[in-house]
Number of protein chains: 2
Amino acid sequence: MEKLNNIHPGEVLKVEFLEPLGLTAYKLAKAIFIPQNRLSEIIHGKRSISVDTAIRFSKFFGTSPKFWLGLQMDYDLEEKKLEESSDIQEIKAFQE
Amino acid sequence: MEKLNNIHPGEVLKVEFLEPLGLTAYKLAKAIFIPQNRLSEIIHGKRSISVDTAIRFSKFFGTSPKFWLGLQMDYDLEEKKLEESSDIQEIKAFQE
DNA sequence: CAATTACTTATGTTTGACGTAAGTAAACTT
DNA sequence: AAGTTTACTTACGTCAAACATAAGTAATTG
């Protein structure tokens, strides 16, 4: 079973940034002063984009930190929706 | 010393939602099926808006989850900026 | 062939969101 | 007035996840 079509920020990093720019995870890790495993795990979808990571990416790539955190937010919301935890559906919208 | 003007999502919840609607934290907690302390801590800026919390707020208030997570994102980024952690400034933007 | 590049995995720490529970107090019910 | 519900806070322990260090394996480059 697949998490059909929910795209992790690490995938974006790899496909839309590293590969087109001819960069390796190793080089990026050096350039933004983080351990290699942090990047390795992000790329494999095993770690989220933290505020710290988003800021570092943004400095290096010239994007905004919100771009990266927004990708993470979208991903997390989608994951949660697929989960469909029981009691959330029972919530009734407020009526004054 | 104050965290000048950085506004926590809990403050928004209280001032822009609970108070105008005449709602208490107690009632909201019941309505969205979470423990009271989760709300209490959010309102006092001691806990962040998680994906779960954002979805529950959105169901009840008719907002989007991204509204709440966006507030949290803005807050976290601002906090991080005020921190000014040393090595982040050393990052050089990528040049092909 | 040695050093650097490149990536992964193992291990341990710490932070923070979580729930349970207990405490206090005020505001209603009966 | 006593008891229930509302209202909020704080203490405590758990768990997941982001973190760093470090070690291991390959491939590439000087």
Looking at the side chain of S40(B), which of dT9(D), dC7(C), dC19(D) is the nearest nucleotide? dT9(D)
Distance in angstrom units between E79(B) CD and dG16(C) P, rounded: 11 Å
Classify the angle between the aromatic ring planes of F61(A) and W68(A) as parallel (below 30°), tilted (30 to 60°) or perpendicular (above 60°). tilted
Can you check whether R38(B) has a side-chain N or O nearer than 4.0 Å to OP1 or OP2 of dC18(C)? yes
Output the single nucleotide from dT8(C), dA11(D), dA6(C) whose closest atom is nearest the side chain of K27(A). dA6(C)
Among the nucleotides dC8(D), dT10(D), dC18(C), which one has an atom lying closest to any side-chain atom of A25(B)? dC8(D)
Under 4.0 Å: is that the gap between some side-chain N or O of S48(A) and OP1 or OP2 of dA18(D)? yes
What nucleotide among dA7(D), dC7(C), dT20(C) has an atom nearest to a side-chain atom of Q36(B)? dA7(D)
With a 4.0 Å cutoff (strictly under), does any side-chain N or O of R47(A) reach OP1 or OP2 of dC19(D)? yes
What is the separation between atom CG on L39(B) and atom C1' on dA17(C), rounded to the nearest whole Å? 13 Å
Separation of atom NE2 in H44(B) from atom P in dA11(D), rounded to whole Å: 13 Å
Quick one: sort the F94(B) and F60(A) rings into parallel, tilted or perpendicular, breaks at 30° and 60°. tilted
Can you check the L18(B) CG to dA7(D) P distance for me, whole Å? 11 Å
Determine the contact category for K30(B): base if any of its heavy atoms lies under 4.0 Å from a base atom, sugar-phosphate if only primed atoms, P, OP1 or OP2 are that close, otherwise nothing. nothing
Do L13(A) and F57(A) make a side-chain contact, defined as non-hydrogen atoms from C-beta onward lying under 4.5 Å apart? yes
Could you state the CD1-P distance from I32(B) to dG19(C), rounded to the nearest angstrom? 10 Å
Here the distance between atom P of dA17(C) and atom CD of E41(B), to the nearest Å, is 9 Å
Closest to the Y26(B) side chain, choosing from dT10(D), dT6(D), dC18(C): dT6(D)
How long is the line joining CD of E19(B) and P of dC8(D), in whole Å? 10 Å
Hey, does S50(A) reach any base, or is it just sugar-phosphate, or nothing, if we go heavy atoms under 4.0 Å? sugar-phosphate
Under a 4.5 Å cut-off applied to non-hydrogen side-chain atoms, are E79(A) and N6(A) in contact? yes
In whole Å, what is the span from the CG atom of D52(A) to the P atom of dA20(D)? 7 Å
Side-chain N or O of K46(B) less than 4.0 angstrom from OP1 or OP2 on dT10(D)? yes
When you measure from the side chain of T24(B), which nucleotide among dC8(D), dC19(D), dC18(C) comes out closest? dC8(D)
Side chains of D87(B) and R56(A) in contact at under 4.5 Å (non-hydrogen atoms): yes
